[in-house]
Amino acid sequence: MATIYTGRKKALTGCLPVEMQFPGYVGDTLDETTIAREVAASLAVHRKNASDHAGLKNIFLGEQAILRRDPKDRRADNRVVVNFAQAFTRDITGYSYGSGIQYVARDASKIEAVQKLNDMMAAESKNAINKSMGDNQSIGGRGFIAALPDSLEQNGVPFELIDLDPETTEVVYSTYNANVPVFAYTHFEGTKDGKKAYVWKIWTATRCYTVTSADANLKRGVMVMNNVFHLNGEDVVLPYTPNLIGEIPIVEYRNNQFGLGDWECAVSLFDAINSMASDSLNDVEQAVVSYLALFGVDFDTTDTEGLKAMRQNRLLVFNGAPGINQDAKFVTSQLDGESANQLRAYFEAALKVVVGIPDRDTGQAGSDTGVSAQIRTGSGDLEIVAQNKCLYTVAAERRLLRVILKILELSKKGLGIEASDIDVEIPRSKTDNLQSKVQAGATMYGMNMALVDIA
């Protein structure tokens with residue numbers, strides 16, 4: 001049975017650390033005695049999210065349902081994958097983040113400091129990390145970036161940016177406000193004492209917990225086996241170190257409020273198009289390898305070699321009644337090509353409407369202008385997709401900015417700016433309405449406005 005994808009669920013907890021507790025709060029306190037329990041409680045959501053992302057990533061990489069089709073009762077069994085998933089992610093991510101994510105000063109006095117911040121981001125290859133995050137966001141509905149202090153500072157930047165795998169990372173939010181993260185974790189394979197060990201790193205705003213499968217110093221009750229976090233018993237104390245940043249360093253970039261990927265609602269359409277393409281090719285092959293029926297031909301049924309040759313050469317022999325005229329015909333059954341093309345065109349048109357991708361096969365009107373062409377081809381839909389996606393990306397970028405600015409302060413390389421001093425901009429097509437932009441710029445220049453304001 002095919003998997004049905006319906007977005008990624010948020011992991012929630014009602015157990016808050018002291019710094020997040022509000023007047024009247026009566027729940028447990030998230031600390032070294034309760035963190036293991038809360039991580040274990042979040043694993044059902046995490047494993048489902050990770051499994052869904054892995055399945056969607058396989059579809060993106062071309063491992064689609066048509067390749068697992070049962071060949072039973074099929075004389076020709078071609079399996080063709082028309083990989084719309086990869087094309088859609090390429091186009092949507094490239095359109096949404098093709099010019100990167102830029103920080104712009106809200107006040108002229110902060111321009112120099114914000115430019116230094118942009119230079120640091122460039123030194124950390126932020127655009128490449130954004131591209132990887134954007135692909136994960138498009139495929140599985142979520143991407144993750146972590147900002148951590150860089151003690152080596154090989155490029156002079158006191159922080160490092162890490163693109164984390166959605167299959168091994170989770171941010172757990174408060175049940176009292178599902179937009180506020182309480183803790184986050186990631187897990188990976190490492191080594192300890194020369195042996196393979198699974199490592200879990202768990203952060204709150206003030207603490208960092210580390211658990212490994214080779215760690216025998218825990219009080220009791222926590223095991224990490226085959227990269228699975230187990231909790232046995234309630235008396236569990238996890239060691240921790242202070243998180244001096246004061247922020248959770250892992251930031252989740254959701255694609256939308258439901259955590260839906262860009263094309264996961266259209267997976268059934270992918271399957272239908274693949275089946276149409278494969279069976280159309282089967283139809284051609286079956287015509288080529290069709291059976292030849294010979295009528296009115298006597299054949300010795302005891303000739304085993306002859307029977308074998310008939311099977312290999314796809315021959316059917318019918319003796320017929322005495323005196324029947326001899327005849328030969330190819331036996332084949334073909335699809336109605338016109339109907340198949342219409343059905344395939346319908347599926348592809350529906351697919352592009354669902355995902356929001358422009359249609360290249362809409363013809364051209366002689367009176368087309370730029371705007372009318374966008375409406376006719378659905379190019380405006382792609383802009384809507386990008387705008388909706390970027391609303392959530394900007395919110396995530398603001399969280400990342402807070403983490404980075406705190407790291408800069410701790411490293412004594414603070415820039416004297418707050419996250420509120422910065423606008424997050426995600427530019428896309430700089431050529432849209434170019435004539436109007438040039439005219440407006442010329443008008444402002446004629447009014448002797450400052451060049452920086454015109455730009």
Side-chain angles (χ1 to χ4, degrees), residues 17-20 97 99-133 143-164 169 171 173-174 177 179-186 201-210 240-253 390 392-427 450 452-453 455:
V18 172
E19 63 272 12
M20 292 183 65
Y97 305 121
S99 298
I101 298 175
Q102 300 173 7
Y103 302 141
V104 179
R106 288 181 170 176
D107 188 273
S109 63
K110 307 292 185 180
I111 290 177
E112 185 176 349
V114 174
Q115 183 57 51
K116 288 182 180 178
L117 178 61
N118 279 319
D119 292 342
M120 290 181 179
M121 292 295 190
E124 287 295 313
S125 303
K126 177 69 160 45
N127 283 347
I129 290 174
N130 284 340
K131 172 63 169 63
S132 180
M133 175 280 297
F144 294 90
I145 295 178
L148 295 169
D150 185 359
S151 58
L152 298 179
E153 292 191 42
Q154 294 180 349
N155 55 5
V157 179
F159 60 84
E160 59 179 332
L161 300 176
I162 305 170
D163 172 44
L164 296 175
T169 307
V171 175
Y173 297 86
S174 168
N177 184 344
N179 293 317
V180 177
V182 178
F183 65 91
Y185 54 82
T186 188
K201 300 284 288 187
I202 310 161
W203 285 274
T204 67
T206 58
R207 296 180 175 185
C208 176
Y209 302 87
T210 303
Y240 66 90
T241 56
N243 176 11
L244 300 177
I245 303 173
E247 298 277 354
I248 297 171
I250 297 177
V251 177
E252 179 181 16
Y253 289 70
C390 290
Y392 294 87
T393 298
V394 168
E397 277 290 315
R398 291 205 169 281
R399 281 199 178 123
L400 186 70
L401 265 176
R402 292 202 301 269
V403 177
I404 290 171
L405 293 176
K406 289 286 185 68
I407 295 174
L408 290 174
E409 288 179 14
L410 288 172
S411 66
K412 310 300 182 185
K413 292 186 178 182
L415 300 174
I417 53 177
E418 303 289 339
S420 57
D421 296 324
I422 301 170
D423 271 331
V424 179
E425 292 192 356
I426 307 177
V452 67
D453 291 333

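Since the model is a prediction, treat every value here as computed from it, not as a measurement. The chain is numbered in sequence order, starting from 1.
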CD1 on Ile250 to NZ on Lys201, rounded to 0.5 Å: 10.0 Å
Under 3.5 Å, is there a donor-acceptor pair linking the side chains of Thr393 and Tyr97? yes
Closest contact, heavy atoms only, Ala147 versus Leu161: CB-CD2, 3.9 Å
Apply the test side chain to side chain donor-acceptor pair (under 3.5 Å) to residues Lys126 and Asn130: give CA-CA distance (whole Å), side-chain angles for both, the deciding distance (0.1 Å), then the verdict. CA-CA 6 Å; Lys126 177 69 160 45; Asn130 284 340; 3.0 Å; yes
Separation between CD of Gln115 and CD of Glu112, rounded to the nearest 0.5 Å: 9.5 Å
Enter the distance from Ile422:CD1 to Lys110:NZ here, rounded to the nearest 0.5 Å. 10.0 Å
Shortest non-hydrogen pair, Pro427 vs Gln102, comes out as CG-NE2, 3.7 Å
Side-chain contact, heavy-atom cut-off 4.5 Å: Glu397 with Leu400? yes
Heavy-atom closest pair, residues Ala113 and Ile417: CB-CG2, 3.7 Å
Please check if the side chain of Asn243 supplies one atom and the backbone of Thr204 the other of a donor-acceptor pair under 3.5 Å. yes
Within the structure provided, determine whether Asp421 and Asp107 are in side-chain contact (heavy-atom separation under 4.5 Å). no
Give the minimum heavy-atom separation between Ile407 and Pro158, together with the two atoms involved. CG2-O, 3.5 Å
Nearest heavy-atom neighbours spanning Val182 and Tyr173: CG2-C, 3.8 Å
In Å, rounded to the nearest 0.5 Å, how long is the span from CD of Glu252 to OG1 of Thr169? 10.0 Å
Spatial distance of atom CG (Leu408) from atom NZ (Lys413) [nearest 0.5 Å]: 9.0 Å
Between Ile248 and Arg399, is there a side-chain heavy-atom distance shorter than 4.5 Å? no
Are side-chain heavy atoms of Ile162 and Thr186 found at a separation under 4.5 Å? no
List the steps and the verdict of side chain to side chain contact (heavy atoms under 4.5 Å, CB included) for Phe159 and Val403. CA-CA 10 Å; Phe159 60 84; Val403 177; over 6 Å; no
Using side-chain heavy atoms (C-beta onward) and a distance below 4.5 Å, is Leu401 in contact with Tyr103? yes
Just checking Glu418: does its CD atom have more than 12 heavy atoms from other residues, nucleotides or ligands closer to it than 6.0 angstrom? no
Evaluate the side-chain proximity of Ile129 to Glu124: yes if any heavy-atom separation is below 4.5 Å, no if none is. no
How about Arg207 and Phe183: do any of their side-chain heavy atoms sit closer than 4.5 Å? no
Please find the pair of heavy atoms, one from Pro149 and one from Ile245, that lie closest to each other, and give the distance. CD-CD1, 3.8 Å
From CZ (Arg106) to CG (Asp423), nearest 0.5 Å: 4.0 Å
Are Ile404 and Leu117 packed together at the side-chain level, in the sense that at least one heavy-atom pair is separated by less than 4.5 angstrom? yes
